[in-house]
Each structure stands twice: as structure tokens, then as C-alpha cells.
Amino acid sequence: MSTKGNAGGENAEAFRDDFLTSVQSMYSEGLPDSYFLPTLRLNQVLLKSLAHYERFAKRHGLNFNSLLVLMVIRYAKEPCGQRLISEALWLPKQTVGSILSNLKKKGYVGESGSPADGRAKVVSLTEDGLRFCDGVFSELHNLENAALKELEVEDIEAAARYVDAYVDAFERGLETSDASD
């Protein structure tokens, strides 16, 4: 979202500042104070990135998760089922089912019996879905390429390593927390 000199943007900045102040005490428990701002900044950057992808998706009548589901269906080497899509995107099967239902209503995907297991259903793009996806993903690819060209390859690799390490550590914490519940 843009905060270029508008009242809403100024309010959002003030809100974020107040939020930072109030949440600092929570983050400082158990960590040295030097971790607070970098941790908060990392989370802000991750959320900002997701917000930009959500904005892109909305431009095309989708939400972020629907965009991801279409991407999996479009670029999978063979038709795939709901469970596989769910596992590939770390989304609940129910969420993927709801997304697929909406995409069917829009005429972008269809279901058929699996060639490997006639009882299972697989999802594939319709002709309209293929045209839609090719336009959307071409635009997305161009946007991502333009953004990436502004960065050094080493910086992209480092960012991916650091975010991956953070996500892995967070996942380990979740698994430990789940085990103690």
C-alpha cells in the first residue's frame, strides 16, 4: 500500500510506530534487546511481500492463495489432486477445496478421474483457465524479473538463505510447541 502523503498513509505510519512500541516488550522477553528491531523488520518485510502479491492477485480477481493454487496447476507436469496441491503449498486441504470450487465456478479448472487411480480426482485447467493463467503469470513473471534485476544475485541468494533459516527455526519451534500441547 502506498503511503505517499495521504492522511491514511500518515495514520498507518503512526499506527505502525505505536504498534512497534507496544509489542517491543513482548519480543524482548527471552531475547537480547538487539534482536527486537531486526526480528520485527524481518516480519514486516515478509508481510509486505505477501501484501504485494495479494494486491497483484486482487488485480486479477483472485486472492494470494488462489494465485498459488493456479500456479501449481498451471506448471505441474501432470494433473494433480487436491491433496497434492495442499501439500505443495502448505495449505489446509479444506482451503484448497474451497479455492478449487471457486475456480470451477469461474470456469478456470475442471476435474476428471485420475489415470493412476480412477477413484481419485485430478484438477486441470480449462481452455479459459489456461488463457487466464498465461496472461496473469506472464505479467507476474515480468514484475518479478524487473524487481530482481535491481538486486545482486548474491543478495538474492543471501536473503533466501536467511529467510529459509528463520522459517526452519520457526517451524522447529512450532513442532516443539505442538508436541507439548
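Below, each value reflects all heavy atoms present in this structure, side chains not excepted, and no hydrogens, waters or symmetry copies.
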Report task. Would you please classify the geometry between the His60 ring and the Phe132 ring as parallel, tilted or perpendicular, with 30° and 60° separating the classes? Result ->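 It falls in the perpendicular class, over 60°.
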How close do [X] and [Y] get, heavy atom to heavy atom, and via which atoms?
X      : Y      : answer
Val109 : Leu100 : CG2-O, 3.9 Å
Gln82  : Gln94  : NE2-N, 4.4 Å
Ser66  : Ile99  : OG-CG2, 3.6 Å
Tyr53  : Leu140 : CE2-CD1, 3.7 Å
Val122 : Ser114 : CG1-CB, 3.8 Å

Hey, is the main chain of [Y] close enough, under 3.5 Å, to the side chain of [X] for a donor-acceptor pair?
X      : Y      : answer
Ser180 : Ser177 : yes
Asp164 : Ala160 : no
Thr126 : Gly107 : yes
Ser49  : Val45  : no

Query - Residues, nucleotides or ligands: over 12 heavy atoms within 6.0 Å of Glu175 CD - result: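 Counting neighbours around CD of Glu175, more than 12 heavy atoms of other residues, nucleotides or ligands fall under 6.0 Å, so yes.
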Query raised in the report: Can Leu68 and Trp90 be said to form a side chain to side chain contact (heavy atoms under 4.5 Å, CB included), step by step?
Result: CA-CA 11 Å; Leu68 293 177; Trp90 298 282; over 6 Å; no
Requested in this report: Is it possible for you to say whether Leu84 and Val69 belong to one hydrophobic cluster, with membership spreading through side-chain heavy-atom contacts below 4.5 Å?
Outcome: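 Leu84 does not cluster with Val69.
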Query - Proximity of Phe56 and Phe64 rings by center, below 6.0 Å - result: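 No; Phe64 has its ring centre 6.0 Å or more from that of Phe56.
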Report task. With sequence neighbours excluded, tell me which residues meet side chain to side chain contact (heavy atoms under 4.5 Å, CB included) with Val72. Result ->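 By the side chain to side chain contact (heavy atoms under 4.5 Å, CB included) rule, Val72 matches Cys80, Ile85, Leu89.
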Query raised in the report: Of all residues at least two apart in sequence or in a different chain, which pass the side chain to side chain contact (heavy atoms under 4.5 Å, CB included) check with Val163?
Result: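 Residues passing side chain to side chain contact (heavy atoms under 4.5 Å, CB included) with Val163: Leu42, Leu46, Val167.
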Query raised in the report: Going through the distances and angles, do Asp128 and Lys106 end up as a salt bridge (Lys or Arg N to Asp or Glu O under 4.0 Å)?
Result: CA-CA 9 Å; Asp128 286 345; Lys106 291 181 176 187; over 6 Å; no
Report task. Any chance you could pull the hydrophobic cluster mates of Leu148, using side-chain heavy atoms under 4.5 angstrom and chaining through other members? Result ->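 Under the 4.5 Å side-chain rule, Leu148 groups with Leu151, Ile156.
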Query raised in the report: So, Tyr166 versus Asn43: side-chain donor-acceptor pair below 3.5 Å or not?
Result: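 Yes.
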Query - salt bridge (charged side-chain N to carboxylate O under 4.0 Å, His left out) involving Lys104 - partner list, sequence neighbours excluded - result: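 Residues passing salt bridge (charged side-chain N to carboxylate O under 4.0 Å, His left out) with Lys104: Glu111.
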Query raised in the report: Considering residues at least two apart in sequence or located in another chain, which fulfil the salt bridge (charged side-chain N to carboxylate O under 4.0 Å, His left out) criterion with Lys58?
Result: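 For Lys58, the residues satisfying salt bridge (charged side-chain N to carboxylate O under 4.0 Å, His left out) (neighbours in sequence not counted) are Glu54.
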Query raised in the report: Quick one: ring-ring contact (aromatic ring centres under 6.0 Å, His included) partners of Tyr162, sequence neighbours excluded?
Result: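 Listed in chain order: nothing, the list is empty.
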